[in-house]
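Chain identifiers are assigned alphabetically (A, B, ...) following the order of the sequence lines, protein sequences preceding nucleic acid strands; residue numbering begins at 1 within each chain. Quantities reported herein were computed from a predicted structural model and do not represent experimental measurements.
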Number of protein chains: 2
Amino acid sequence: MTAQSDAAGEVLAALADPTRRLILDTLAKHGEATGTTLANELPVTRQAIVQHLSVLDRVGLVASRKDGRERWYAVRPRQLLDTARWMNQVAAQWNARLTTIKRLAEGVDGEFPGR
Amino acid sequence: MTAQSDAAGEVLAALADPTRRLILDTLAKHGEATGTTLANELPVTRQAIVQHLSVLDRVGLVASRKDGRERWYAVRPRQLLDTARWMNQVAAQWNARLTTIKRLAEGVDGEFPGR
DNA sequence: GTCATCTGCAAGTCGATGCTTGCACAAATG
DNA sequence: CATTTGTGCAAGCATCGACTTGCAGATGAC
């Protein structure tokens, strides 16, 4: 119920890094790119980029294709959509629980602090 | 366009930690809980839990209320929903870009590797 | 064949952070 | 008032991960 190889968690961890999000952005902008291409316009080394791409590939956020001596990467939306769906489900659970609590505390008009 | 105080990134980073997700789960299950309550049923110290709750509060995933000498925490779905929406938008952008590319590469029937 | 370029592997550095222990303070109970 | 219980602050440790540098191998160009 909670753990099912935890795909969502992996994707979240991958997306948590700002550089990785930047790489994904750039990649999506170009459609396809190689490690060296990305390194040319991003403020990090090619090695760093390749390592990030390795992480992103492991969780299925990018895919790679080898052409000659070049390796081309592209973005894959599916995992992102799945994770978004997961988040919506969790949020729905929270909402359900909160409304239940509210119903139990019937009559109490005090809402929760607005942070 | 990319940076707008980056609320999504903050939430992602907060959700990336497994212990933090466990805390959120437990919290949602109970509706409300205190640091010591959570520490009683989770395999970490109260201090660790409070620190995590501090992070979660900073990004708006939980809110706290003080009653006497006890501080009660509860989950807040809004940030989660916002982040899910953000993910959907990004995924939509990726999809749009990918279909454009595909259209440009008209005639080519080769799909992308299935990882 | 020779040279330039792109990739892949490895090791090392450095900062961030998850978790702990220790203690002081505040509030409820007797 | 004394005791107990819950919270808040601080410092220390230890691990993880982001990034770099260095080099070897593979592929294309001249």
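A donor-acceptor pair is defined here as one N or O able to donate and one able to accept, closer than 3.5 Å; no such pair exists between the side chain of A/T45 and the backbone of A/A48. In this structure, B/T37 contributes its side chain and B/A33 its backbone to no donor-acceptor pair below 3.5 Å. Of the possible donor and acceptor atoms, one in the side chain of B/R97 sits under 3.5 Å from a partner among the backbone N and O of A/K29.
If you check C/dC6, D/dG8, C/dG8 against the side chain of A/E70, the one that comes closest is C/dC6.
Atom pair A/R65:CZ and C/dT7:C1' shows a separation of 15 Å (rounding to whole Å applied). Remark: C1' of D/dG17 and CZ of A/R58 are 12 Å apart, rounded to the nearest angstrom. In this entry the distance linking CD of A/E10 with P of D/dC16 reads 15 Å, nearest Å. In this structure, B/L42 places its CG atom 15 Å from C1' of C/dG18, rounding to the nearest Å. In this structure, the CG atom of A/L38 is 14 Å from the C1' atom of C/dT7, given to the nearest Å. Between the CH2 atom of B/W72 and the P atom of D/dG8 there is a distance of 13 Å, rounded to whole Å.
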Take nucleotides 19-29 of chain D nucleotide by nucleotide from the 5' end and write B, S or -, depending on whether a protein heavy atom sits under 4.0 Å from the base, only from the sugar-phosphate, or from neither.
BBBB----BS-

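Screening B/L80, B/L56, B/V59 for a side-chain contact (heavy atoms from CB on, under 4.5 Å) with B/L15, the sole residue that qualifies is B/L80.
Hydrophobic clustering of Ile, Leu, Val, Met, Phe, Trp and Tyr side chains at less than 4.5 Å, counting indirect connections, unites A/M87 with B/L22.
With sequence neighbours excluded, the residues satisfying side chain to side chain donor-acceptor pair (under 3.5 Å) with A/R20 are A/H52.
Between C/dT7 and A/T34, a contact under 4.0 Å exists linking OP1 or OP2 to a side-chain N or O.
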